[in-house]
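Let me begin by presenting the structure, written as structure tokens, before commenting on it.
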Number of protein chains: 2
Amino acid sequence: MSPKITTELLKQLRQVMKNPKYVQEPVQAYIVPSGDAHQSEYIAPCDCRRAFISGFDGSAGTAIVTEQHAAMWTDGRYFLQAAHQMDNNWTLMKMGLKDTPTQEDWLVSVLPEGSKVGVDPFIIPADQWKRMSKVLRSAGHDLVPVKENLIDTIWTDCPQRPCKPLITLGLSYTGVSWRDKIVALRSKMAERKVMWFVVTALDEVAWLFNLRGSDVEYNPVFFAYAVIGMNTIRLFIDGDRVMDPPVREHLQLDSTLEPEFKIQVMPYGSILSELQAVGAGLSPKEKVWLSDKASYALTEAIPKAYRYLTPYTPICIAKAVKNAAETEGMRRAHIKDAVALCELFNWLEKEVPKGTVTEIIAADKAEEFRSQQKDFVELSFATISSTGPNGAIIHYKPVPETNRTLSVNEIYLLDSGAQYKDGTTDVTRTMHFGTPSAYEKECFTYVLKGHIAVSAAIFPNGTKGHLLDSFARSALWDCGLDYLHGTGHGVGSFLNVHEGPCGISYKTFADEPLEAGMIVSDEPGYYEDGSFGIRIENVVLVIPAETKYNFKNRGSLTFEPLTLVPIQTKMIDVNLLTEKECNWVNEYHQKCREVVGAELERQGRHEALRWLLRETEPLARVQ
Amino acid sequence: MSPKITTELLKQLRQVMKNPKYVQEPVQAYIVPSGDAHQSEYIAPCDCRRAFISGFDGSAGTAIVTEQHAAMWTDGRYFLQAAHQMDNNWTLMKMGLKDTPTQEDWLVSVLPEGSKVGVDPFIIPADQWKRMSKVLRSAGHDLVPVKENLIDTIWTDCPQRPCKPLITLGLSYTGVSWRDKIVALRSKMAERKVMWFVVTALDEVAWLFNLRGSDVEYNPVFFAYAVIGMNTIRLFIDGDRVMDPPVREHLQLDSTLEPEFKIQVMPYGSILSELQAVGAGLSPKEKVWLSDKASYALTEAIPKAYRYLTPYTPICIAKAVKNAAETEGMRRAHIKDAVALCELFNWLEKEVPKGTVTEIIAADKAEEFRSQQKDFVELSFATISSTGPNGAIIHYKPVPETNRTLSVNEIYLLDSGAQYKDGTTDVTRTMHFGTPSAYEKECFTYVLKGHIAVSAAIFPNGTKGHLLDSFARSALWDCGLDYLHGTGHGVGSFLNVHEGPCGISYKTFADEPLEAGMIVSDEPGYYEDGSFGIRIENVVLVIPAETKYNFKNRGSLTFEPLTLVPIQTKMIDVNLLTEKECNWVNEYHQKCREVVGAELERQGRHEALRWLLRETEPLARVQ
């Protein structure tokens with residue numbers, strides 16, 4: 001992986017930063033955030049502006065370019081990758097380390113007095129605008145909206161915005177009709193006394209209308225906004241795709257509906273003017289509900305006194321709690337996914353010793369096995385297929401320049417998942433196809449202890465996920481080891497593999513309490529730079545727990561693993577496990593045998609079944 | 001404890017809320033916060049306005065009175081106490097429970113359109129003003145400052161503000177002179193480019209000048225403010241007490257000092273006008289640093305553009321990291337405190353079976369033994385001496401109406417501490433003087449497991465205390481038990497027993513990372529309403545830990561208990577302990593024997609020494 005040479009691009013950007021065609025007054029700094037106009041984590045190629053200007057294409061990062069400097073903020077997952085992909089024009093700002101300045105503080109330290117800092121108001125979330133603007137203003141600078149995106153002005157071969165066909169999802173997948181979702185949403189709106197709700201996140205639009213798309217790779221979403229009133233529904237979406245008969249029927253566009261369920265379809269690009277019209281027509285006490293992460297541009301369309309901003313929208317919260325149809329779908333998807341991985345690992349075990357399997361071949365093979373499963377749609381993120389030192393690059397994606405061959409001498413880490421029509425998967429397994437060293441086994445076992453500590457944790461109703469994060473680290477901490485990423489994220493139901501409002505992280509973002517029906521990942525790891533990476537990840541469902549005293553009827557929760565793929569026992573130092581941990585592994589493997597074994601049998605995959613049975617032999621603890 | 005009858009008082013308050021003598025326009029609601037003008041947790045009698053109007057005298061709570069309602073917000077420690085102390089005019093708002101509205105949301109739900117909500121601007125912290133004001137404004141109401149405190153207008157027999165003599169502390173206690181503290185503070189100010197720093201918290205004034213007082217019970221502080229410029233020092237303090245020769249000498253008021261170390265002494269009441277003068281005289285870029293918890297009145301004295309607000313001041317952070325002199329002082333104080341408690345528990349063991357010892361007698365006896373120790377000043381908080389059901393009232397203080405007699409049939413919980421000139425203590429032990437039930441032992445042992453999990457935790461440098469909170473709960477959670485309070489708070493060095501900026505709590509306040517030298521409490525508990533309370537509390541010092549892999553030189557931390565009082569082994573169900581936990585208890589008791597045993601010997605307290613030796617016999621685990 002050689003870095004992108006950005007000298008010329010930065011020169012051009014610095015020119016347009018002073019060009020009166022684009023800016024009223026020259027801007028001394030220009031911010032290029034990661035996101036798109038919907039604050040998506042995964043974005044379409046036309047929105048990869050930060051990658052275009054810097055070369056760094058990880059999923060999280062913010063670039064800031066000034067006359068003298070170009071700096072990139074990213075988190076621990078991407079320190080190595082960003083350092084590899086960016087040339088010497090760029091300074092890497094390692095977020096989460098004590099001495100790394102915030103973007104605002106850095107700007108204050110490098111800018112000349114009275115500077116203007118530009119940003120695209122459609123790309124920056126309103127809450128971030130507010131924070132930055134405040135710090136900059138108090139230091140005598142100004143954050144200014146630059147209407148035309150300055151990267152777009154120098155990006156001559158920028159791809160078009162995608163506009164792919166839509167998929168409709170019936171009740172057997174969603175459990176609730178879009179009509180009932182609108183009814184529930186309006187009742188939340190009535191509770192908060194708001195008259196309008198603006199849906200800006202792509203997965204929220206998709207979930208609300210029980211539609212899916214493929215405008216963004218890995219995320220089954222489509223470019224759209226929606227504005228829901230107490231009596232109106234407006235869907236802002238481009239192309240003829242809503243005209244497809246199945247979609248027309250699904251949305252009941254041709255039915256004689258009560259007016260409050262009649263969907264008005266409008267062009268995607270008209271959202272700002274329509275919202276401004278809504279904003280202009282409000283009478284006192286008519287509030288408009290927006291996410292505080294909605295773009296600054298849309299937020300500003302509503303006069304300040306009429307805004308009702310929350311960190312999580314009612315859709316985000318409703319979407320996180322999966323109903324019975326969704327939970328059953330997720331279970332089915334995970335069983336199919338496990339079948340594919342049993343096939344893969346069985347195949348790798350035979351092929352790796354021949355020295356012909358590269359990281360890319362292994363990733364492709366994983367996709368091939370997954371694609372054989374029913375209702376497979378696409379992958380849910382770029383497969384992380386990494387061996388040896390590449391495993392320490394937390395969000396590594398193999399490319400020809402970095403592609404290593406799997407061997408019996410190195411640890412192999414596979415973090416992968418898929419979108420099935422009935423659910424989304426995300427699983428990481430760390431394998432050794434030869435004989436792991438004592439140190440590798442030791443580290444793996446601490447990670448496993450952390451994984452179990454979260455998965456088997458019992459906690460009272462109302463507990464927030466971040467309170468469980470240290471459970472995942474305790475065994476590593478005892479030996480002076482740690483990992484620089486969170487422990488878990490929410491997972492969508494045939495939707496984004498990363499979703500809010502819950503998670504398990506040492507970062508105390510304002511997560512919502514865990515509730516039965518929520519689905520999160522449990523994925524502690526350990527990374528030794530230049531040597532290997534270890535991560536053990538299951539997707540787990542929050543379920544009620546049974547306890548001796550039941551928190552005086554407050555009730556308690558625990559997790560049920562949905563992922564059912566063997567954890568390589570060869571990597572475990574059994575003597576480091578407690579009896580309880582040992583039993584957890586054995587019970588987990590017993591469930592893999594029963595559930596996935598039955599499906600392998602049903603699909604006639606006998607060799608993979610034999611592999612599964614061998615890999616799930618009970619651990620025996622030496623007393 | 002019978003509730004205070006408040007009907008007449010509320011009637012009077014509602015009258016002055018409409019009286020043009022005090023308010024420009026009638027206020028429809030009046031907020032009575034807990035604090036004083038320094039946002040102190042413990043307050044002088046003249047500042048106990050919330051207790052005066054409601055009867056509830058716990059350390060935390062906010063009252064709001066409207067035309068129709070009177071409501072009190074307090075946290076889990078005080079649910080029972082508040083319910084007992086308040087009459088039917090009051091509604092208890094249980095903070096931390098899911099369905100309890102915030103004060104702002106409640107106000108919005110009960111107030112008529114366009115209401116005014118009044119509050120004393122000297123009592124409400126600026127950050128709270130901002131938050132409330134925003135929510136109220138967005139709902140069409142107004143938060144308004146009411147200059148004259150409305151409670152004071154109806155409080156006919158309000159006591160005078162205290163003005164007691166000062167104590168000077170030499171280098172052997174403080175480790176650093178006030179001059180050097182000023183130098184360090186100015187260097188922090190220069191780093192942040194601020195010209196002025198306003199010291200508003202009483203313990204910060206005391207710490208900065210190496211002075212102590214006794215204006216507030218339990219907290220060795222005195223009413224004062226300070227304003228530190230780059231070249232000036234202004235101390236706002238009343239009375240002749242600064243004129244005492246030792247104080248004059250300590251502050252070098254009569255020496256020929258460099259002008260930047262010359263202290264100008266000014267009247268306490270002149271802070272607002274002086275600060276307004278500072279605010280009026282600022283040139284561009286001259287910032288004034290204040291805590292964001294400073295009062296709204298003082299914060300408003302500085303024009304907004306010139307304010308530099310942080311949640312923790314540089315003094316708060318410097319004060320939290322104890323130097324060698326302070327740490328040694330804390331060690332000495334805790335040994336003396338342990339001597340007093342060994343005497344007490346030995347005495348209780350003999351006296352309780354006679355049926356003559358009440359909660360109040362036990363508390364008084366504890367104070368008597370403590371007062372025999374060198375450099376004893378006063379208690380560090382009101383002793384919680386509680387037996388049986390009283391133990392479940394988390395911050396219980398025995399009064400004649402509730403005073404129970406200790407017996408061999410009930411659990412006894414003693415949470416107590418003292419101020420010694422060399423340090424502050426805070427320790428809780430839960431004892432049974434007869435035979436505890438299996439259930440009591442079970443609960444006690446889970447609490448002990450939680451206590452050990454925190455105390456023995458190893459974690460990387462830079463970890464925030466709130467990440468350790470769940471360690472204290474895990475064993476309880478596993479059985480469906482929990483406690484409704486945080487696990488630990490910072491402890492001052494001959495200063496407030498509760499201090500920031502660190503702590504161990506599920507509430508994710510913006511705590512600063514733990515650092516070697518910080519001192520916190522470790523105090524999980526379990527409370528069975530109507531039956532008993534259990535809490536095990538040590539004060540612990542953050543120290544560097546040694547680990548196998550040392551976090552790649554990031555370094556690691558753990559805790560060293562400063563409290564050295566036996567944990568009653570009779571209450572422990574040894575079979576519920578792991579081997580590691582069992583060893584922890586035995587090593588802890590071994591240290592109590594050695595360190596406290598030597599001091600008991602030195603003080604010739606042979607009977608208490610025999611008690612200590614018996615109580616610290618090693619636990620034997622049945623294999």
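Naming convention: chains lettered A, B, ... in sequence-line order (proteins, then strands); numbering from 1 in each chain.
Heavy-atom distances place no part of B:Thr558 under 4.5 Å from chain A, backbone and side chain included. Contacts of B:Phe471 with chain A are made by both backbone and side-chain atoms, with heavy-atom separations under 4.5 Å. With a 4.5 Å cut-off on non-hydrogen atoms, B:Arg554 touches chain A through its side chain but not through its backbone. Using a 4.5 Å cut-off between heavy atoms, B:Tyr439 touches chain A through its side chain atoms alone. Heavy-atom distances place no part of B:Ser556 under 4.5 Å from chain A, backbone and side chain included. In this structure, chain A has a heavy atom under 4.5 Å from the side chain of B:Lys285, while its backbone stays farther away. Residue contact with chain A, scored on non-hydrogen atoms closer than 4.5 Å, involves the side chain of B:Lys287 exclusively.
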Next item on the list: Before giving the answer on side-chain contact (heavy atoms from CB on, under 4.5 Å), spell out for B:Thr102 and B:Val135 the whole-Å C-alpha distance, their side-chain angles and the decisive distance to 0.1 Å.
Entry: CA-CA 11 Å; B:Thr102 63; B:Val135 177; over 6 Å; no
Checklist line | Stepwise side-chain contact (heavy atoms from CB on, under 4.5 Å) check, B:Ile394 with B:His485 | finding: CA-CA 9 Å; B:Ile394 299 180; B:His485 60 74; 3.8 Å; yes
Next item on the list: Would you check, one step at a time, whether the test side-chain contact (heavy atoms from CB on, under 4.5 Å) holds for A:Lys94 with A:Asp99?
Entry: CA-CA 9 Å; A:Lys94 299 183 173 184; A:Asp99 295 332; over 6 Å; no
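Taking chain B as the reference chain and counting heavy-atom pairs below 4.5 Å, the highest number among A:Ala305, A:Ala457, A:Pro460 is found for A:Pro460.
Listed in order of number, the residues of residues 543-551 of chain B that approach chain A to under 4.5 Å between heavy atoms are B:Thr547, B:Lys548, B:Tyr549, B:Asn550, B:Phe551.
A donor-acceptor pair is defined here as one N or O able to donate and one able to accept, closer than 3.5 Å; such a pair exists between the side chain of B:Thr445 and the backbone of B:Lys441.
Residue B:Tyr506 comes nearest to B:Gly486 through the heavy atom pair CE2-N, 4.0 Å, listed as atom of the first residue, atom of the second, then distance.
Classified by interplanar angle (parallel below 30°, tilted 30° to 60°, perpendicular above 60°), the ring pair B:Phe559/B:Phe459 is tilted.
With sequence neighbours left out, A:Val110 forms a side chain to side chain contact (heavy atoms under 4.5 Å, CB included) with A:Thr66, A:His69, A:Trp106.
Heavy atoms of other residues, nucleotides or ligands lying less than 6.0 angstrom from NZ of B:Lys552 number more than 12.
Of the residues listed (A:Arg192, A:Glu191, A:Met189, A:Lys188), the one engaging A:Pro314 in a side chain to side chain contact (heavy atoms under 4.5 Å, CB included) is A:Lys188, and it is the only one.
Between A:Tyr526 atom OH and A:Leu476 atom CG the span is 8.5 Å, to the nearest 0.5 Å.
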